[in-house]
Every structure is written in structure tokens, then in C-alpha cells.
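Presented below is the structure to which this report refers.
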Amino acid sequence: MGLTSTLSSEDQAQMDIMTQLGFSTLQMSRRITRSQCCVRNYVRVRIAHGSAKPTGCPRILNDRDKRSVVR
């Protein structure tokens with residue numbers, strides 16, 4: 001487990017726009033002054049940054065979770 005700094009919501013928004021415009025990771029990293037590795041990881045794994053919903057089966061709720069679900 002390495003030490004990493006998280007991207008601010010402003011950086012994430014800028015990177016989302018630049019990705020849609022077709023910027024390379026080098027161009028994005030220079031514009032937001034972050035490492036290419038950080039940019040590449042964000043573009044590859046948006047789930048870790050909360051930008052995309054995870055795919056797969058929903059988890060089975062236990063009794064405590066069932067009580068806390070508002071109907």
C-alpha cells in the first residue's frame with residue numbers, strides 16, 4: 001500500500017473534460033501539474049475516484065443494513 005495524494009474535485013473535473021477532448025496523459029499532467037502516473041491511474045480506474053458506478057452484483061444486506069434502509 002503506497003502513499004498517494006487524492007485528486008481534488010476540481011482536478012477530477014478538469015481531467016474529465018480533457019479526456020473528452022482527447023488530451024494525452026502528458027498534456028493533462030502538465031496542465032494540472034500532477035504526475036503522468038497519477039493521471040493515467042485516474043483515467044484507467046475511475047471507480048476508485050467515484051466517477052463511475054461499480055459493476056457487478058449488489059451485495060446481500062445483513063439485518064443491520066436492512067433496518068437502516070429508508071423505505
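Starting from 1, each residue takes its place in the sequence as its number.
- Taken from CD in Gln36 to CD in Gln27, the straight-line distance is 10.5 Å, to the nearest 0.5 Å.
- For Arg31, the side-chain contact (heavy atoms from CB on, under 4.5 Å) partners two or more places apart in sequence, or in a different chain, are Met18, Phe23.
- Heavy atoms of other residues, nucleotides or ligands lying less than 6.0 angstrom from CZ of Arg30 number 12 at most.
- In the hydrophobic clustering of this structure, Val43 groups with Leu21; members are Ile, Leu, Val, Met, Phe, Trp, Tyr whose side-chain heavy atoms approach within less than 4.5 Å, directly or through other members.
- Separating the CE atom in Met28 from the CZ atom in Arg40 is a distance of 10.0 Å, to the nearest 0.5 Å.
- To the nearest 0.5 Å, the span separating CG on Leu7 from CZ on Arg34 amounts to 5.0 Å.
- Once rounded to the nearest 0.5 Å, the distance linking CD of Gln12 with CD1 of Ile32 reads 9.5 Å.
- Ile17 and Tyr42 fall within a single hydrophobic cluster, where Ile, Leu, Val, Met, Phe, Trp and Tyr are joined by side-chain heavy atoms under 4.5 Å apart, directly or via other members.
- Note: Asp16 CG to Asp11 CG = 11.0 Å, rounded to the nearest 0.5 Å.
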